[in-house]
Amino acid sequence: MDTKTETKLASSSNFIKTIMSEDLKSGKTKTIVTRFPPEPNGYLHIGHARAITINFELADEFGGRTHLRFDDTNPTKEDVEFVEAIKEDIQWLGFDWEGLFFASDYFEEMYERALLLIRKGKAYVDEQSPEQIRETRGTLTEPGQESPYRNRPIEESLDLFQRMRSGEFKDGEKVLRAKIDMASPNINLRDPVIYRILHATHHHTGDKWCIYPMYAFAHPLEDAIEGVTHSLCSLEFEDQRPFYDWVIRECEMPNVPRQYEFGKLYITGAISGKRHIRKLIEDGVLDGWDDPRVMTISGMRRRGFTPEAIRAFIRETGVSKSNGVVDSRMLDHFIREDLKLKAPRTMGVLRPLKVVITNYPEGQVEMLDAEINAENPEMGVRQIPFSREIYIEQDDFMENPPPKYHRLYPGNEVRLKHAYFIKCENVVKDADGRVVEIHCTYDPETKSGSGFTGRKVKGTIHWVEATRAVPAEFRLYEPLVLDGEVEDEEADNGAAGSRSINPNSLEVLQGWVEPEMSEAKAHDKFQFFRHGYFNVDPKHTTADKLVFNRIVPLKSSFELPKAKG
RNA sequence: UGAGGAAUAGCCAAGCGGUAAGGCAACGGACUUUGACUCCGUCAUCCCUAGGUUCGAAUCCUAGUUCCUCAGCCA
């Protein structure tokens with residue numbers, strides 16, 4: 001982390017930071033301990049990246065620590081496959097956890113705490129069906145009704161719960177419920193189920209258990225067992241906090257963690273929801289969970305986003321108690337800022353137009369010096385070939401240009417970046433009248449670096465020498481969702497296709513790049529002059545085919561008119 | 001109509017009784033061998049509304065308004 005970043009971090013403030021420093025000051029806690037508790041049931045996305053960054057950076061700022069804990073209390077939905085992927089993603093983001101835990105390692109202790117609850121008369125085994133339990137829970141405005149098993153003898157619940165563990169009953173036959181208040185205005189306190197029977201093989205504990213604790217019961221215990229001080233989660237868990245505190249208190253946990261909730265932050269045009277992505281993969285829109293258009297960590301990595309940029313973005317957008325939607329251009333900004341000094345500059349022509357420089361000697365090739373990054377001179381200089389034939393961008397030539405167009409057009413002179421001034425003398429068209437080639441002349445006196453000051457040109461365009469150019473594929477991405485619409489994430493129950501998917505979210509182009517790009521490797525990042533930042537795609541790039549993902553385009557205050565010359 | 005939350009610029013977001021930080025976006029201008037970058041400037045007399053307390057209110061009080069979350073043996 002550089003000094004500038006640290007200054008920013010220290011100067012920005014949020015309510016959790018305030019709470020933490022007060023807790024430290026009052027002596028309520030000596031060390032800040034946070035945790036990132038993913039369920040290993042899918043891939044991490046930008047929302048997780050935010051939770052990770054918030055937890056790790058907050059603890060780090062106060063000299064505390066952060067645990068990585070897999071919240072694996074539901075064997076029917078989880079898999080080891082995801083634990084390794086999740087660990088990789090966290091490390092790629094740049095964080096190291098102090099302590100790797102599994103909620104399933106606490107099953108024995110959780111079971112003991114449940115027994116304690118029963119003995120205290122604070123929990124009972126209910127034999128109602130799931131339907132009955134739902135029907136008697138009441139509604140938002142009406143109280144629930146007590147289960148007929150609610151006041152059964154403690155000994156009976158104790159016996160039944162132990163037999164639930166030993167496998168005597170089938171899934172769904174019985175549950176353990178906390179005994180609180182069926183008339184509570186907070187539905188979470190109407191005798192919530194805390195243990196259910198699940199005859200399933202757990203990826204971590206195998207067949208040792210056939211009863212599993214529910215999240216609401218397990219989570220506070222996990223936090224308490226690990227000595228977590230500040231348990232951060234999102235806003236929708238606010239209603240759960242009274243039960244969280246109830247569990248800690250009634251289970252007589254010596255450590256008392258506190259839960260704090262913060263708002264989610266959506267990004268315009270982004271998609272990260274599991275169901276939604278799965279549907280788009282099935283529909284053939286996306287090529288996998290790491291498709292560069294999708295906001296999974298692996299997708300962002302393949303796209304070429306950097307951990308530094310993602311972290312800076314998260315830091316700058318902040319943490320608050322309200323949900324929000326941030327413009328995706330803010331993320332773009334931090335990508336550009338991070339890559340500005342890191343990415344080598346190079347030239348690539350995405351939509352080629354052949355240019356013949358008629359007064360340049362045939363067969364001659366000269367090598368020109370080109371800075372690798374003018375904003376970071378330490379990166380040095382490369383050599384690029386120049387000859388009679390080059391490719392330029394189709395957009396950089398117009399036969400009938402609009403006003404203020406200062407690129408190439410008949411009779412106009414422009415500068416070729418790192419090379420010479422060229423002047424358009426003639427236009428070659430095919431039978432349909434389309435421009436297929438243009439003829440120019442160059443002025444040897446105007447060579448870059450020669451100190452020529454005789455005259456000025458308004459435009460500088462990029463190019464690639466035609467005979468030594470390396471073919472390359474460019475993949476240009478646009479937001480998956482149109483008009484700044486925001487993904488409804490988990491709410492999209494199968495109706496994932498209801499939002500309008502941008503039909504032009506991917507554009508594939510075949511063009512040319514500089515010769516030395518043939519050595520580029522997966523994940524190398526470049527700025528193609530006047531285009532934007534690109535990442536060498538790790539999935540489609542092969543020994544003889546280069547594929548570049550556009551990470552983010554350069555900003556532009558110039559709009560090309562629709563009608564082309 | 002129950003409970004719990006949130007409302008500060010187009011978008012994030014500080015602010016915690018002393019007179020509205022910062023970032024993104026936008027818009028001017030300078031510079032420019034990237035129509036980029038950089039630099040300079042503009043961008044809330046006002047903080048959901050209405051009252052009240054106070055010398056002084058985005059901050060305190062009262063009454064409203066709008067939005068979000070909750071009725072899985074998911075997390």
Participant: Report all interatomic pairs (protein N or O, nucleotide N or O of nucleotides 58-60 of chain B) with separations under 3.5 Å.
Facilitator:
none

Participant: Who passes ring-ring contact (aromatic ring centres under 6.0 Å, His included) against A:Y442, sequence neighbours left out?
Facilitator: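 In terms of ring-ring contact (aromatic ring centres under 6.0 Å, His included), with neighbours along the sequence ignored, A:Y442 is linked to A:Y360, A:Y420.
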Participant: Sequence neighbours excluded, which residues qualify as salt bridge (charged side-chain N to carboxylate O under 4.0 Å, His left out) partners of A:K342?
Facilitator: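 Checked A:K342 against salt bridge (charged side-chain N to carboxylate O under 4.0 Å, His left out); matches are A:E308, A:D338.
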Participant: Taking side-chain contact (heavy atoms from CB on, under 4.5 Å) as the criterion, tell me which of A:V83, A:D71, A:I86, A:I52 meets it with A:P38.
Facilitator: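 Considering A:V83, A:D71, A:I86, A:I52, a side-chain contact (heavy atoms from CB on, under 4.5 Å) with A:P38 is found only for A:I86.
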Participant: Name all stems that contain residues of RNA chain B, defined as runs of 3 or more consecutive Watson-Crick or G-U wobble pairs, both distances under 3.5 Å.
Facilitator: B:2-7 with B:65-70, B:10-12 with B:22-24, B:26-30 with B:38-42, B:48-52 with B:60-64
Participant: So what does A:N41 touch, heavy atoms closer than 4.0 Å: a base, only the sugar-phosphate, or nothing?
Facilitator: nothing
Participant: Rounding to an integer number of Å, can you tell me how far A:I16 CD1 sits from B:rA14 P?
Facilitator: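 Nearest whole value for this atom pair: 10 Å.
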Participant: How far does NE2 of A:H202 sit from OG1 of A:T76, to the nearest 0.5 angstrom?
Facilitator: 10.0 Å
Participant: Should the pair A:R196 and A:Y212 be classed as cation-pi, given the thresholds of under 6.0 Å to the six-membered ring centre and 45° from the axis?
Facilitator: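 Checked: cation-pi criterion not met.
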Participant: Assess whether a salt bridge exists between A:E61 and A:K17, defined as any Lys/Arg side-chain N lying under 4.0 Å from an Asp/Glu carboxylate O.
Facilitator: yes
Participant: Which whole-number value in Å describes the distance from A:L235 CG to B:rU69 P?
Facilitator: 10 Å
Participant: Over 60° means perpendicular and under 30° means parallel, so classify the ring planes of A:F237 and A:Y215, tilted if in between.
Facilitator: tilted
Participant: Can you tell which of A:K179, A:R150, A:R177 makes a salt bridge (charged side-chain N to carboxylate O under 4.0 Å, His left out) with A:D191?
Facilitator: A:R150
Participant: Supply the atom-to-atom distance A:F386 CZ to A:S448 OG, rounded to the nearest 0.5 angstrom.
Facilitator: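 Spacing of CZ (A:F386) from OG (A:S448) equals 10.0 Å.
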Participant: Would you mind reading off the distance between A:R241 atom CZ and B:rU69 atom C1', rounded to a whole angstrom?
Facilitator: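 Rounded to the whole Å, the gap is 13 Å.
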Participant: Reading nucleotides 70-75 of chain B 5' to 3', which nucleotides get B (base under 4.0 Å from a protein heavy atom), which S (sugar-phosphate only), which -?
Facilitator: BBSBSB
Participant: Under the criterion salt bridge (Lys or Arg N to Asp or Glu O under 4.0 Å), I'd like the reasoning laid out for A:R69 against A:E226: C-alpha separation, chi angles, the key distance, then a yes or no.
Facilitator: CA-CA 10 Å; A:R69 178 179 70 231; A:E226 290 175 17; 3.2 Å; yes
Participant: What contact category does A:S322 fall into here, base, sugar-phosphate, or nothing, at under 4.0 angstrom with non-hydrogen atoms?
Facilitator: sugar-phosphate
Participant: For the pair made of CD in A:E261 and P in B:rG5, what is the distance, rounded to whole Å?
Facilitator: 9 Å
Participant: Report, as a single string ordered 5' to 3', how protein heavy atoms within less than 4.0 Å touch nucleotides 22-37 of chain B: B base, S sugar-phosphate only, - not at all.
Facilitator: -BSS-------BBBBS
Participant: Which part of the nucleic acid does A:V319 contact within heavy-atom distance under 4.0 Å: base, sugar-phosphate only, or nothing?
Facilitator: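 It contacts sugar-phosphate atoms only.
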Participant: Hey, can you tell me if A:Y106 and A:F101 have their rings parallel, tilted or perpendicular (30° and 60° cut-offs)?
Facilitator: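 It falls in the tilted class, 30° to 60°.
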Participant: What is the glycosidic conformation of B:rG72: syn, defined as within 90° of 0, or anti?
Facilitator: syn
Participant: For residues A:H462 and A:H531, establish whether the separation of their ring centroids is below 6.0 Å.
Facilitator: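 Ring-ring flag for A:H462/A:H531: true, centres closer than 6.0 Å.
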